[in-house]
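The analysis underlying the following values was restricted to heavy atoms, covering all of them including side chains, and did not include hydrogens, waters or symmetry mates. Each chain gets a letter, A, B and so on, in the order the sequences are listed, and its residues count up from 1. This structure is a prediction, so every number in the text was calculated from the model and none was measured.
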Protein chains: 2
Amino acid sequence: MSVAATADPEVAGSLHARILSDISEKIMSGAWAPGHRVPFEHELTEQYNCSRMTVNKALSQLAKAGLIERRRRSGSFVRRPRSQAAVLEIHDIRVEVEALGLAYRYERVARHRRRSNGADLSLLELGQAGPVLTLECRHFAGERPFAHEQRLINLAAVPEAAGEEFLDIAPGPWLIGRVPWSEAEHRIRAVAADSRTAQALDIELGAPCLVVERRTWGAERPVTHVRFTYAAESHTLVARFRPSQG
Amino acid sequence: MSVAATADPEVAGSLHARILSDISEKIMSGAWAPGHRVPFEHELTEQYNCSRMTVNKALSQLAKAGLIERRRRSGSFVRRPRSQAAVLEIHDIRVEVEALGLAYRYERVARHRRRSNGADLSLLELGQAGPVLTLECRHFAGERPFAHEQRLINLAAVPEAAGEEFLDIAPGPWLIGRVPWSEAEHRIRAVAADSRTAQALDIELGAPCLVVERRTWGAERPVTHVRFTYAAESHTLVARFRPSQG
DNA sequence: TGCCTTAATATGTATATACATAATAATTGC
DNA sequence: GCAATTATTATGTATATACATATTAAGGCA
């Protein structure tokens with residue numbers, strides 16, 4: 001979550017929010033360099049004329065956000081940032097397309113229900129074989145293909161998917177409606193379009209493409225593996241780093 | 001920050017941490033779907049046999065982490081996840097190369113100090129012209145070029161860079177030592193290698209490459225713009241989504 | 001001067017209490 | 001039955017107090 005104070009009517013002006021904001025501003029502006037000792041809690045209670053618990057609340061939040069580190073008896077110190085962690089927002093493809101001011105269209109290319117094989121087990125990180133659904137889809141921006149989707153759904157985790165044709169709804173939003181709080185790992189790389197991809201995206205064989213592979217876990221088991229392929233010129237991912245994130 | 005309880009000796013077993021962990025587990029497992037009302041604070045005080053402030057502390061953290069939303073008089077409700085926000089960790093290239101079990105080597109290709117032009121103003125989002133430093137570098141993994149770096153440093157923000165040759169130290173780690181808490185925006189896409197890139201990375205003209213462009217801000221002004229280009233087969237970015245992040 | 005013991009201190013966690021406030025529910029009057 | 005008013009209630013924020021505990025500083029002694 002963001003620690004930076006915003007014009008949020010809910011917390012604007014509350015004392016602990018002011019303390020939190022003042023201190024994070026000093027850190028992020030460089031006024032307090034890594035290693036600098038933040039004033040002791042009792043010093044801050046005098047400075048802000050408040051209780052120790054109010055100061056403690058603000059400092060605890062800064063610690064959780066990763067800006068400071070707290071050491072008993074020693075005090076609180078500005079941290080050196082860990083590896084920069086940029087937040088990459090993953091949107092439903094429809095949202096991405098419509099943000100470009102284009103009309104979105106979805107097309108199911110193929111759908112097969114079968115038993116998982118060795119490659120599937122590897123993609124989904126499954127321990128044992130079971131029923132899976134494979135889907136191949138295209139997402140259009142205006143008249144142009146925008147993304148090629150190749151997906152594997154673990155039917156043990158989402159049995160309902162067996163009864164869904166995915167003719168009119170893309171699997172991504174359908175799944176997020178059923179497994180809303182899931183974990184995911186994304187792998188992002190560049191590839192040269194193979195013949196299948198070239199045909200699906202209407203680009204030249206060997207053209208550069210951006211590939212985002214995502215594996216998703218629901219309640220302790222894998223739900224889906226999906227590979228999105230975008231033509232190089234049609235997609236840029238944006239990730240932002242704000243140092244207040246954990 | 002992560003809300004999920006870990007085997008952290010610092011907080012393991014503390015009551016508010018247990019409450020936080022229990023509730024986030026129910027949400028992430030799907031036991032409590034979006035829209036579900038979390039028990040009222042007074043109900044949780046009875047359930048955990050503790051004070052309202054302890055419960056409030058845990059619920060406030062869950063709210064800040066984005067898992068629940070709090071409404072006065074109404075209660076707390078499980079939220080539908082916003083767009084999934086995957087955390088993309090950006091490491092120093094040396095760390096990436098060494099994680100591959102390869103030897104890292106850095107080479108400065110070119111360095112120029114000059115006044116910013118129109119393209120620079122655009123890249124750095126500067127309002128007015130000033131002195132800049134341009135750098136072209138290569139990063140090697142073993143004997144192979146791993147990344148091609150083209151950088152622009154705003155000397156108004158980091159005047160010290162004017163006195164640094166960057167012969168033995170890459171600009172990235174040098175800058176993070178001086179502007180530790182900065183904000184950044186990354187743009188990730190696929191491109192076909194142009195002649196400069198092909199030569200720098202020792203790949204074929206037109207080969208697919210992964211490009212990560214990063215613009216960094218220090219204290220309210222831009223610090224640097226950098227474009228890293230990686231050969232397609234040498235680099236995969238990994239981003240992880242854990243729903244406890246804001 | 002160095003080591004051991006004791007005292008002091010800053011943070012960690014929790015509870016009790018208080019008041020504020022937004023929102024919901026109940027009551028009253030027409 | 002509906003609107004206005006009042007009461008109730010759940011969260012928001014803060015303070016006071018207490019005890020726990022890890023770490024640092026001070027003192028004594030050999």
Side-chain angles (χ1 to χ4, degrees), chain A residues 1-3 5-23 27 32 35-79 246, chain B residues 1-3 5-23 27 32 35-79 246:
Chain A
M1 97 303 276
S2 177
V3 176
T6 59
D8 183 339
E10 190 89 354
V11 301
S14 83
L15 189 42
H16 95 272
R18 268 181 42 223
I19 298 171
L20 189 132
S21 168
D22 287 352
I23 296 176
I27 294 170
W32 287 353
H36 176 89
R37 186 179 64 72
V38 173
F40 294 130
E41 283 185 356
H42 74 83
E43 289 168 330
L44 292 167
T45 64
E46 289 165 22
Q47 182 183 331
Y48 286 94
N49 195 29
C50 66
S51 88
R52 196 197 138 214
M53 290 304 95
T54 302
V55 164
N56 180 274
K57 183 176 177 180
L59 295 181
S60 294
Q61 278 186 308
L62 287 165
K64 225 169 172 66
L67 274 73
I68 65 174
E69 112 179 75
R70 306 261 277 162
R71 299 192 217 130
R72 293 187 200 211
R73 179 62 180 91
S74 302
S76 307
F77 300 85
V78 177
R79 297 189 72 159
Chain B
M1 94 303 274
S2 175
V3 176
T6 59
D8 183 340
E10 188 90 352
V11 301
S14 84
L15 188 43
H16 94 271
R18 267 183 42 223
I19 298 171
L20 190 131
S21 168
D22 287 352
I23 295 175
I27 295 171
W32 287 354
H36 175 91
R37 187 180 64 73
V38 173
F40 293 131
E41 283 184 357
H42 73 84
E43 288 167 330
L44 291 168
T45 65
E46 288 166 22
Q47 183 183 331
Y48 287 93
N49 195 28
C50 68
S51 86
R52 197 196 137 215
M53 291 305 96
T54 303
V55 164
N56 180 274
K57 182 176 178 180
L59 294 180
S60 294
Q61 278 186 310
L62 287 164
K64 226 170 174 61
L67 273 74
I68 65 174
E69 112 177 76
R70 307 261 277 160
R71 301 193 215 129
R72 294 190 201 210
R73 179 64 179 94
S74 300
S76 307
F77 300 85
V78 178
R79 296 187 75 158

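- The distance from atom CZ of A/Arg37 to atom P of C/dA10 is 9 Å, rounded to the nearest whole Å.
- Atom C1' of nucleotide C/dT11 and atom NZ of B/Lys57 are separated by 11 Å, given to the nearest angstrom.
- At whole-Å resolution of the value, OH in A/Tyr48 and P in D/dA14 are 13 Å apart.
- Checked by atom type and distance alone, the side chain of A/Ser21 never pairs as donor or acceptor with a backbone atom of A/Ala17 at under 3.5 Å.
- In this entry the distance linking CZ of A/Arg52 with C1' of C/dT13 reads 9 Å, nearest Å.
- Separating the CG atom of B/Leu59 from the P atom of D/dG12 is a distance of 9 Å, rounded to the nearest angstrom.
- Side-chain contact between A/Leu59 and A/Leu62: present, with at least one pair of heavy atoms (C-beta onward) separated by less than 4.5 Å.
- Screening residues 44-58 of chain A for salt bridge (charged side-chain N to carboxylate O under 4.0 Å, His left out), with sequence neighbours left out, gives A/Glu41-A/Arg52.
- With a 4.5 Å cut-off on side-chain heavy atoms, A/Arg70 and A/Asn56 count as touching.
- Rounded to whole Å, atom C1' of D/dC19 lies 15 Å from atom CG of B/Leu15.
- Minimum atom distance to the side chain of A/Arg70 is reached by C/dG12, of the listed D/dA14, C/dT15, C/dG12.
- Between A/Met53 and B/Met53, the closest side-chain pair of non-hydrogen atoms is not below 4.5 Å.
- Protein atom CG of B/Asn56 is 17 Å distant from nucleotide atom P of C/dT17, rounded to whole Å.
- Partner A/Val55 forms a side chain to side chain contact (heavy atoms under 4.5 Å, CB included) with one of A/Thr45, A/Leu20, A/Leu15, A/Ile23 and no other, that one being A/Thr45.
- Residue A/Thr54 places at least one side-chain N or O closer than 4.0 Å to OP1 or OP2 of D/dT15.
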Restricting to nitrogen or oxygen on both sides, can you table the protein-nucleotides 7-10 of chain D pairs closer than 3.5 Å?
unit_1, atom_1, unit_2, atom_2, d
D/dT9, O2, B/Arg73, NE, 3.0

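- The distance between atom NZ of B/Lys64 and atom P of D/dG12, rounded to the nearest whole Å, is 11 Å.
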